[in-house]
Amino acid sequence: MDRDIVVVSNRGPVSFVRERDGSFTPKRGAGGLVSSLAPLIEGTGTEWIAAAVSDDDRAAAARGMVDAAGFRLLTLPLDVDDYRMAYDVVSNATLWFLHHGLYDLPRRPRFDRHWREAWEGYRRVNEAFADAVVDTAPRDAVVLVQDYHLALVGAHLRDRRPDLRAVHFTHTPFCGPNSIRVLPEYAAEELLTGMAAYDACGFHSTRWARAFTACCNEVLGRAPRTYVSPIAPDADDLRRVAESDAAAAAGRDLDARVGDRRMILRVDRIELSKNLLRGFLAFDDLLREHPEWRERVVFFAFVYPSRVDLAEYQSYRQEVEGLVGRINAEWGTARWTPILLDTDDDFPRSVAALARYDVLLVNPVKDGLNLVAKEGPLLNRNDGVLLLSREAGAWEELHDVAVGLNPFDVSATADQLHDALSMDQDERHRHAAALRSKAGARAPRDWLDDQLRAATAETPG
């Protein structure tokens, strides 16, 4: 690739911490995008543009473009009110809900004048990102814009920097034509026009690409080029974490807590789309319908808070904790707690658990991909069984080896938990081997290369 690369995302590869002497120390960011993409471009001179999120980030942003942790990093000190409206109101409370099918339509959403102001804030944030690209991107560079927070950047780039080749990648699902009608007409048209201005739009699965195309044809009467490129875990990085002292200590603790019982596992955010409640209800049903599993299986739920400022998420966490408490009170004994719920974000501990599960439950209502569904089979040493929602983007890659779930069917999920726990060793071994092969078929480099190819491919005339 002989073109310069510019990555544009809401959150960057590092955040900054102010030291006592007034200097700023970069700290590697979290999340699937950073963990997959950052190692591939670190030290290459790639420019990365991101929002200055914390107060320390904003203070560090005053220095402009800096070299930090192997990147040429530009953090944008966006207007605080604009960023709050763009991130909290439009991105998290509207587009996330829309694309994941989370709205209770008789009650939400309500697009009032406050929301219209928030959309204007979203527009201004996208314009600020576009201004930064226009001002700093090398001539003829490839611009890789990430996710639904920055859907409108492409339209500004096409008008002001036609030398650039820009692609957009959506890490969530994409809603269909019926759901896009929920948005105000002006917002739906502006959103899709902005995305259609990119040279191509990428998605983790064919299903989401088709939904996007259908929305564009419905609203705009035209659709841009799309491409499908599921992101992959960094197997080497996972292996390093699995071999770390922290993971080894967590593994010993897990072994002591599990004992000779079977282990069901989920590793998730406390997120409405992840479907935690129905997963616990299915386990409750399993214990009721199959009493032979009482005291013989433990459900570890390593789930950490998400979007804690949104009332819906605060309420959801309370429901999760209340349901777990009720199930443990009903079925637990002096020597057995059925569900072990832990809300600490401890990655080495999660990696250690993924190496040990007998059954991994991944049952989202809808998911752009779900990286855990591929990380688990790569890490697991116990011939574990993967129960995977057909609504996860990863289902497209793993459908012929994973056990498929309807995430809304609690009783069927309970039956599949029973079948997975009862699977004989030979079948488990074949299942796990096939999963490892599929989950390891791609590497993060493949995902990056697909974006670069999409950016430089000739558009049909």
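Side chains are part of it too, since the values below use all heavy atoms of this structure and drop only hydrogens, waters and symmetry mates. Bear in mind the structure is a predicted one, so any value in this text is a computation, not a measurement.
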Parallel, tilted or perpendicular for Y87 and H149, by the 30°/60° rule?
parallel

E397 bridged to K438 by N-O distance under 4.0 Å:
no

Hey, are the side chains of L238 and V241 touching, using non-hydrogen atoms and a 4.5 Å cut-off?
no

Within a strict 4.5 Å, meaning less than it, do heavy atoms of the I49 and F129 side chains meet?
yes

Kindly determine whether V134 and L164 satisfy side-chain contact (heavy atoms from CB on, under 4.5 Å), including the steps that lead there.
CA-CA 9 Å; V134 167; L164 301 176; 5.9 Å; no

Those residues that, when tested against V89, pass side-chain contact (heavy atoms from CB on, under 4.5 Å) (two or more places apart):
H114, W115, A118

What residue pairs, at least two apart or across chains, pass side chain to side chain donor-acceptor pair (under 3.5 Å) with a residue in residues 362-372?
R266-N363, K274-D367, D367-N370

For residues 125-144, pull every pair meeting salt bridge (Lys or Arg N to Asp or Glu O under 4.0 Å), keeping only residues two or more places apart or in separate chains.
D131-R160

Please collect all salt bridge (Lys or Arg N to Asp or Glu O under 4.0 Å) contacts where either partner lies in residues 305-319, sequence neighbours excluded, each pair once.
E271-R307, R317-E321

Under the rule for side-chain contact (heavy atoms from CB on, under 4.5 Å), what residues qualify as partners of D450, not counting sequence neighbours?
S229, R442, R453

Check R240 with D236, please: is the shortest side-chain N to carboxylate O separation under 4.0 Å?
no

Please examine the side chains of W119 and F111, heavy atoms only from C-beta on, and report whether any two atoms are closer than 4.5 Å.
no

Quick test of your reading: applying ring-ring contact (aromatic ring centres under 6.0 Å, His included), list the pairs with at least one residue in residues 39-68, sequence neighbours left out, ordered by first then second residue.
W48-F71

For D159, side chain to side chain donor-acceptor pair (under 3.5 Å) partners two or more places apart:
none

Evaluate the criterion side-chain contact (heavy atoms from CB on, under 4.5 Å) for residue pair N406 and R390; output intermediate values, then yes/no.
CA-CA 6 Å; N406 177 336; R390 298 183 184 91; 4.3 Å; yes

Are any of the side-chain heavy atoms of D199 and T456 separated by less than 4.5 Å?
no

Check step by step if salt bridge (Lys or Arg N to Asp or Glu O under 4.0 Å) holds for R116 and D112.
CA-CA 6 Å; R116 185 176 295 183; D112 53 16; over 6 Å; no

Criterion side-chain contact (heavy atoms from CB on, under 4.5 Å) on Y316 and L276, from CA distance to verdict:
CA-CA 9 Å; Y316 190 72; L276 274 66; 3.7 Å; yes

Do V6 and V142 touch side chain to side chain, with heavy atoms closer than 4.5 Å?
no

With a 4.0 Å cut-off, would you call R356 and D255 a salt bridge?
yes

Is it the case that R349 places NZ or CZ above or below the six-membered ring of F302, under 6.0 angstrom from the centre and within 45 degrees of the axis?
yes

Please name all residues satisfying side chain to side chain donor-acceptor pair (under 3.5 Å) with D345, sequence neighbours left out, ordered by chain then number.
none

How far apart are the closest heavy atoms of A443 and A232, and which atoms are they?
C-CB, 3.6 Å

Quick one about N10 and Y148 (side-chain donor to acceptor, distance below 3.5 Å, no hydrogens or angles considered), yes or no?
no

Show the numbers, then the answer: is there a ring pair (Phe, Tyr, Trp, His ring centres under 6.0 Å) between W208 and H100?
CA-CA 11 Å; W208 312 139; H100 288 85; 8.5 Å; no

How many angstroms lie between OG in S350 and CG in L265, if you round to the nearest 0.5 Å?
7.5 Å

Using atom types as modelled and distance alone, determine if a side-chain donor or acceptor of R225 lies under 3.5 Å from a backbone N or O of A454.
yes

T170 and H168, any side-chain heavy atoms less than 4.5 Å apart:
yes

Angle between ring planes, F212 versus F174, binned at 30° and 60°: parallel, tilted or perpendicular?
perpendicular

Holding to side-chain contact (heavy atoms from CB on, under 4.5 Å), I want the full list of residues that pass it with L281, two or more places apart in sequence or in another chain.
L323, R326, V410

Can you find a pair of side-chain heavy atoms, one from L388 and one from L405, that are under 4.5 Å apart?
no

State whether the side chain of R269 and the backbone N or O of Y304 hold a donor-acceptor pair below 3.5 Å, judged by distance alone.
no

Here the ring-ring contact (aromatic ring centres under 6.0 Å, His included) pairs for residues 215-242, sequence neighbours left out, are none

Side-chain (R207) to main-chain (A392) donor-acceptor, under 3.5 angstrom:
no

Between Y83 and D88, is a side-chain contact (heavy atoms from CB on, under 4.5 Å) present by the stated rule, with each step listed?
CA-CA 8 Å; Y83 184 77; D88 292 337; over 6 Å; no

Any donor-acceptor N/O pair, T44 side chain to I41 backbone, under 3.5 Å
yes

Qualifying side chain to side chain donor-acceptor pair (under 3.5 Å) pairs with a residue from residues 172-184, counting only residues at least two apart or across chains:
R181-E218

Using side-chain contact (heavy atoms from CB on, under 4.5 Å) as the criterion, list what pairs up with T206, not counting sequence neighbours.
R210, V228, E396

On the 0 to 90° scale, with breaks at 30° and 60°, tag the H204-F169 ring pair as parallel, tilted or perpendicular.
perpendicular

Contact check, side chains of V143 and L157, non-hydrogen atoms, under 4.5 Å:
yes

Between R123 and N126, do the side chains contain a donor N or O and an acceptor N or O under 3.5 Å apart?
no

